[in-house]
Amino acid sequence: MDTPHYVAARVQQALAEDGRTNELGIRVDVRGDQLFLRGQVTGDDQRHLLTEVAQEAAPGLTVHNEVTCVEVRDPGEEEQL
Amino acid sequence: MSIRVAAVADIHLGEAQRGSYRPHLEGIEERADVLLVGGDLTRHGTLDEGKIVAEEFRGLPVPVVFVLGNHDYHSDVEEEIIAVLREAGGIVLDDTAETLLGGRLGVAGGKGFGGGFAGKSASEFGEPETKAFVRHTREIADRWRVALKSLDTEYRMVLSHYSPVKETLHGEPPEIYPFLGSYLLAEAVDAEGADLIVHGHAHAGTEKGMTPGGIRVRNVALPVLRRAYATYCLGSEEC
Ligand SMILES: [Fe+2]
Ligand SMILES: [Fe+2]
């Protein structure tokens, strides 16, 4: 069995380099046979692709996608510099 | 007279986000005199994504200034992306400077690059790959000095993708700081002077920081702001 440390590294590289995702800031943790994804993306479609790519890079692990989608609020207050 | 600058970065638009950002720009002319967009406009850097971005900003009532980010370079069509942004009326800085608002505001900049921060940075030493990495940042910083020198405006700003300082990276793992920015960028701007530096790239970073020379730095990455754009008022009077 692969060391969890290297599995996590492999999944993180896949999320960055796979043409479907190219997502660099995702945190990947492996605990036993569970794999956790955390971070933020700009679209819901991207969230689902992360699960897909992570699952392919770590077959046999259960992927928990805890990534959230950035919500874009109104511009709000200006800052005086 | 003061001026109001709106800024955002890392909008990362793909096919599924076509038309989704534009509604947030509604009424921007009430809030700002200019909009700066600090790179990572796309996800994969394809020309199709570049066109989506260009349409999103086409015909806004305020001037829009872009730089590209690392994602916009990924498909090796950065020149084509720059061309479609310009065709849609955008100004694109590529280690260059532009004068706006009838000569009142000068903006210099480009994507920037990494290397790390003073005392903990890479040096132009050893293997050719290492030297090339550091030299790329050094050459960019040199071009920014030239670009800033060319500006003779009331206010001067720098627009970058990579960060010039560590402070706005707070929240990112320190191990990756060398890939998030370089002090060489701050050193160049401190030498020439500017009123504000805005950048993106560090999605998990912090909005506010300052260069060693006292120039304000703002990380305007969309995931940091969590709002459509930030607005900064430059000048002594309130905006
Ligand atoms: Fe980004
Ligand atoms: Fe980036």
Side-chain angles (χ1 to χ4, degrees), chain A residues 3-31 35-57 64-81, chain B residues 2 4-6 8 10-17 20-21 23-28 30-32 40 42-46 70-71 74-75 155 172-173 176 179 195-196 201-205 207-208 215-216 218 221-239:
Chain A
T3 312
H5 188 79
Y6 295 123
V7 176
R10 192 170 68 220
V11 171
Q12 193 164 39
Q13 292 284 28
L15 297 175
E17 292 171 7
D18 192 291
R20 286 167 290 176
T21 46
N22 289 145
E23 205 56 70
L24 274 65
I26 303 300
R27 182 168 166 176
V28 182
D29 290 296
V30 176
R31 298 284 182 272
L35 184 143
F36 299 85
L37 303 177
R38 278 180 282 168
Q40 276 199 321
V41 292
T42 50
D44 227 19
D45 58 318
Q46 191 78 344
R47 264 192 83 244
H48 298 300
L49 288 169
L50 290 174
T51 305
E52 194 176 301
V53 172
Q55 191 66 76
E56 286 172 24
H64 299 274
N65 186 340
E66 299 177 355
V67 172
T68 52
C69 214
V70 182
E71 68 162 313
V72 182
R73 291 170 300 157
D74 284 341
E77 287 287 282
E78 71 189 14
E79 186 195 359
Q80 180 81 35
L81 291 179
Chain B
S2 301
R4 302 164 303 165
V5 177
V8 67
D10 300 271
I11 53 175
H12 288 286
L13 300 181
E15 183 55 45
Q17 285 73 43
S20 66
Y21 188 71
H24 297 298
L25 298 172
E26 202 59 50
I28 188 167
E30 310 287 317
R31 299 169 176 275
D40 276 4
T42 67
R43 282 185 182 167
H44 315 292
T46 63
N70 52 321
H71 282 248
H74 184 65
S75 301
Y155 299 102
E172 295 280 0
I176 68 165
F179 301 102
D195 299 289
L196 174 66
H201 191 48
H203 292 205
E207 185 183 350
K208 297 176 185 179
I215 298 171
R216 251 75 67 89
R218 295 292 178 266
L222 194 60
V224 171
L225 294 180
R226 295 161 181 274
R227 54 193 199 274
Y229 49 84
T231 322
Y232 305 111
C233 176
L234 303 182
S236 46
E237 313 102 80
E238 289 205 10
C239 285

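So that the names make sense, note that chain A is the first sequence line, chain B the second, and so on, each numbered from 1.
- Counting only distance, with no hydrogens or angles, the side chain of A:R73 and the backbone of B:R227 share no donor-acceptor pair below 3.5 Å.
- Taking the six-membered ring where the residue is Trp, A:H64 and A:F36 present parallel rings, their angle staying beneath 30° rather than reaching 60°.
- Ranked by heavy-atom pairs under 4.5 Å with chain B, the first of A:L24, A:L81, A:V70 is A:L81.
- Both the backbone and the side chain of A:N22 come within contact range of chain B, judged by heavy atoms closer than 4.5 Å.
- In this structure, the portion of B:E237 lying under 4.5 Å from any heavy atom of chain A is its backbone and not its side chain.
- A:E71 touches chain B through its backbone: at least one of N, CA, C or O sits under 4.5 Å from a heavy atom, while the side chain does not.
- Looking at every heavy atom in both residues, B:R43 comes nearest to A:T42 through NH2-OG1, 3.6 Å.
- Within the 4.5 angstrom heavy-atom criterion, no atom of B:S20 approaches chain A.
- Using a 4.5 Å cut-off between heavy atoms, B:I11 contacts chain A through its backbone alone, with no side-chain atom that close.
- In this structure, A:T51 and A:R47 have side chains that are not in contact, with every pair of non-hydrogen atoms separated by 4.5 Å or more.
- Across B:E172, B:H12, B:R31, the residue that shares the most heavy-atom pairs under 4.5 angstrom with chain A is B:R31.
- Using a 4.5 Å cut-off between heavy atoms, B:R216 contacts chain A through its side chain alone, with no backbone atom that close.
- Between A:L37 and A:V28 there is a side-chain heavy-atom pair separated by less than 4.5 Å.
- Looking only at side-chain heavy atoms (C-beta outward), B:K208 and B:R218 come within less than 4.5 Å of each other.
- For the pair A:V11 and A:V30, the minimum side-chain heavy-atom distance is 4.5 Å or more.
- The candidate from B:E15, B:R4, B:H203, B:H71 with the greatest count of non-hydrogen atom pairs under 4.5 Å with chain A is B:H71.
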